[in-house]
Amino acid sequence: MRFLGINAVFHDPAAALVVDGEIVAAAEEERFSRRKHGKRPVPFSAWELPELAAAWCLAEAGLRPEDLDAVAYSYDPALVREEHAAPWEDLRTTYATRAPDFLATALPGLDPAQVRFVPHHVAHAASAGLAAPYEECAVLVCDGRGEAVSHLAGHYRDGELTTLAAQELPHSLGLMYEDVTEHLGFLRSSDEYKVMALASYGTPRHLDVLRELVTTTGDGGFRIEPIDWGGFAKRLDMGETWTADHADLAASVQARLEEVLLELAFWLHERTGARRLAMAGGVALNCVANTRLVAEGPFEDVWVQPAAGDSGTALGGALHLSQAHGEPVAPMRGADLGRRWSEGELAAWLDVARVPYSRPEDLAGEVARALNDDLIVAWFQGRSEYGPRALGHRSLLAHPGFARNTERLNDVKGREQFRPIAPMVLESRAAEIFGRGPMPSPYMLFVHDVRPEWRDRIPAVVHVDGTARIQTVSQEKDPLLAATLARFEELSGLPVVVNTSLNTAGRPMVDSPRDALECFGSSPVDVLVIGPFVVRRAAT
């Protein structure tokens, strides 16, 4: 059977296709429209659908809208409660209610009666519990908000979800984090990861106060009292420079979030007895908190959906319908679920762009030599990633042995200098260099301690607190990238390279050959590796 999933109502609109229980395609609308996060998370934008992503998913599988058995829309307007409604919320609810008609217009041939409303947090839960490589697991979802709740704790057994707790609005860990994101001068529902990075520069000196304001209730839920953020640090306008007070506030909120998640995890473990935990929701993108759950929590294994934010609910909705129709769902094999191009198509793009390029016989060796020469490499290979992390398909690569490369790459991307860049390492070598976090770690969803003897050897990827958000690379799953890492170690003695997303500030990750060429042409990147081809910056 064929199920299309749609996320549209809040932010990060996306589409995903599941056929006969297998994930065939998934992509965010931003990768097509080139508009970061697809749209702003306001009620006025709820009508905007991931039309381009949905059309591509169908084309990838050779399907037409009328071939679908059902479409999952990851929000159920019937669950909205007026007492929890924000200003203009009725507009969002109206748009969501009319979504079947809107989708039929966007996808000609689709019968509106084929659209099914899947509750937002059920879609999140399915994106984790059904996609994880577990037959049975507890599932924890935390985000800003859904229809009437901000959290779900449950248990998957034989593909069936049992919901054990759900926290009603207005109490929300995600909204709390969004509030402090905005107070610190960043863009809410977009820049929360910057708060996590800033927290490493501060001390959680307000933690005792936040423990009084943010509490768990003993029944799987929590309460958040109104918080006067200005009492901790003055509000910053976007672009203003942060101070130690702002870093301390970020550290305090981050620390309390971690504690609350731990308390929720212990309650869930006690209720389920499960050995494994699957997580989704925007809060699950907080890799620092995830690592603390692994290190101090009660579960033996923790798996986090790579597209844990709202984009992942498109996949979760499709998986939920597939499972509900009696189809066994296959685990997610990787995050490379987006667009791809053949070698001929890539060559045609390079010819149209009129850029000189080569096709080296030893591509891994060519790239390793460029990295060893301290050149910045734009790396475009295979299918693009689903979710916010660059995982070796649309990446910027650099030498980790020079501390200046942190500043250099942040300059290339045009972003704040306190932002860390990440290491990529062969799965077989990771434990020698990194500790504490889980291994393997293919999706960059945990932080790991950098072992002391390695910190001076790979300074570009060591954050101020001595940690790094690593991606482990499997020889079996990504032989070209693994070979490049091995060849780089032969030259440099370092089994690690810098990996950060191939984009510039305020722009979505590169997705198409045109995007790659535009990014290469407009930023100080030295080498573009696009499929088997290499483009070098012309000498000046």
**Request:** May I have the step-by-step check of salt bridge (Lys or Arg N to Asp or Glu O under 4.0 Å) for E263 and R256, ending in yes or no?
**Result:** CA-CA 11 Å; E263 292 173 38; R256 187 55 189 147; 3.4 Å; yes
Side-chain donor or acceptor of [X] paired with backbone N/O of [Y] under 3.5 Å:
X: E28; Y: G387; answer: yes
X: N499; Y: A390; answer: yes
X: T215; Y: R211; answer: no
X: H393; Y: R383; answer: yes
X: W379; Y: G392; answer: yes
X: S322; Y: A318; answer: no
X: R35; Y: E30; answer: no
X: E147; Y: P77; answer: no
X: Q114; Y: D69; answer: yes
X: H171; Y: I224; answer: yes

Any side-chain heavy atom of [X] sitting closer than 4.5 Å to one from [Y]?
X: I470; Y: V461; result: no
X: D111; Y: E66; result: no
X: L17; Y: E60; result: no
X: L264; Y: H151; result: yes
X: Q305; Y: M279; result: no
X: H183; Y: L249; result: yes
X: D248; Y: L198; result: no
X: V71; Y: R116; result: no

Point-to-point distance, once rounded to the nearest 0.5 Å, from [atom1] of [X] to [atom2] of [Y]:
X: D143; Y: L175; atom1: CG; atom2: CG; value: 8.0 Å
X: C57; Y: L107; atom1: SG; atom2: CG; value: 10.0 Å
X: N290; Y: E258; atom1: CG; atom2: CD; value: 9.5 Å
X: R34; Y: L52; atom1: CZ; atom2: CG; value: 12.0 Å
X: I421; Y: E407; atom1: CD1; atom2: CD; value: 11.0 Å
X: F102; Y: L49; atom1: CZ; atom2: CG; value: 7.5 Å

Heavy-atom pair of closest approach, residues [X] and [Y]:
X: A15; Y: L4; value: CB-CD1, 4.4 Å
X: A314; Y: A14; value: CB-O, 3.5 Å
X: P100; Y: A96; value: CD-O, 4.1 Å
X: G414; Y: A505; value: O-CB, 3.1 Å
X: G437; Y: T291; value: CA-CG2, 4.3 Å
X: A284; Y: A308; value: CB-CB, 4.0 Å

**Request:** Could you list all the side-chain hydrogen bond (donor to acceptor under 3.5 Å, both in side chains) pairs where at least one residue sits in residues 501-512, not counting sequence neighbours?
**Result:**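 Those involving residues 501-512 are R339-D511, S384-D511, K413-S501, K413-N503, S501-N503, S512-D515.
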**Request:** For atom CZ of R64, decide whether the heavy atoms of other residues, nucleotides or ligands shown that lie under 6.0 angstrom number more than 12.
**Result:**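 No - once you tally the heavy atoms of other residues, nucleotides and ligands closer than 6.0 Å, there are 12 at most.
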**Message:** Tell me whether R235 at atom CZ has more than 12 heavy atoms from other residues, nucleotides or ligands lying less than 6.0 Å away.
**Reply:**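 Yes, CZ of R235 has more than 12 neighbouring heavy atoms, counting only those of other groups under 6.0 Å.
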**Request:** Decide yes or no on side-chain contact (heavy atoms from CB on, under 4.5 Å) for L164 and L268, but give the supporting numbers first.
**Result:** CA-CA 8 Å; L164 301 172; L268 182 56; 4.0 Å; yes
**Prompt:** Given Y443 and V304, is the side-chain contact (heavy atoms from CB on, under 4.5 Å) satisfied, shown in steps?
**Reply:** CA-CA 9 Å; Y443 299 131; V304 181; over 6 Å; no
Regarding [X] and [Y], is there a side-chain donor-to-acceptor distance under 3.5 Å anywhere?
X: H37; Y: S190; answer: yes
X: Q254; Y: N286; answer: yes
X: T313; Y: N7; answer: yes
X: S150; Y: Q167; answer: no
X: D310; Y: H124; answer: yes

**Request:** Check the pair R40, E48 against salt bridge (Lys or Arg N to Asp or Glu O under 4.0 Å), reporting the backbone distance first and the verdict last.
**Result:** CA-CA 10 Å; R40 292 297 303 131; E48 296 184 47; over 6 Å; no
**Item:** Chi angles and distances behind the side-chain contact (heavy atoms from CB on, under 4.5 Å) call for K234, E240
**Value:** CA-CA 11 Å; K234 82 175 190 71; E240 280 192 292; 3.8 Å; yes
Can we say [X] and [Y] salt-bridge, meaning some charged N sits less than 4.0 Å from an Asp/Glu carboxylate O?
X: R145; Y: E89; answer: yes
X: E22; Y: R333; answer: yes
X: D245; Y: R205; answer: yes
X: D191; Y: K194; answer: yes

**Item:** From CA spacing to verdict: side-chain contact (heavy atoms from CB on, under 4.5 Å), I6, L103
**Value:** CA-CA 9 Å; I6 296 290; L103 283 164; 4.1 Å; yes
**Message:** Please verify the inter-ring angle class for F32 with W56; under 30° counts as parallel, over 60° as perpendicular, anything in between as tilted.
**Reply:**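 The arrangement is tilted - the two ring planes meet at 30° to 60°.
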**Item:** Plane angle bin for W229 and F232 - parallel if under 30°, tilted between 30 and 60°, otherwise perpendicular
**Value:**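 Correct class here is tilted.
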**Asked** Got a sec, which residues hit ring-ring contact (aromatic ring centres under 6.0 Å, His included) with F117, two or more places apart in sequence or on another chain?
**Response**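 For F117 the ring-ring contact (aromatic ring centres under 6.0 Å, His included) partners, ignoring immediate neighbours, are Y73.
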**Prompt:** Considering residues at least two apart in sequence or located in another chain, which fulfil the ring-ring contact (aromatic ring centres under 6.0 Å, His included) criterion with F446?
**Reply:**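 F446 satisfies ring-ring contact (aromatic ring centres under 6.0 Å, His included) with no other residue.
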**Row check, F380 ring normal vs R394 NZ/CZ: under 6.0 Å, within 45°** =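 Ring-cation test returns yes.
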**Request:** Test H463 against S200 for side chain to side chain donor-acceptor pair (under 3.5 Å), laying out the working first.
**Result:** CA-CA 8 Å; H463 196 31; S200 299; 3.3 Å; yes
**Request:** Establish, yes or no, whether a centroid distance under 6.0 Å links the rings of H121 and Y75.
**Result:**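 No: the rings miss the under 6.0 Å criterion.
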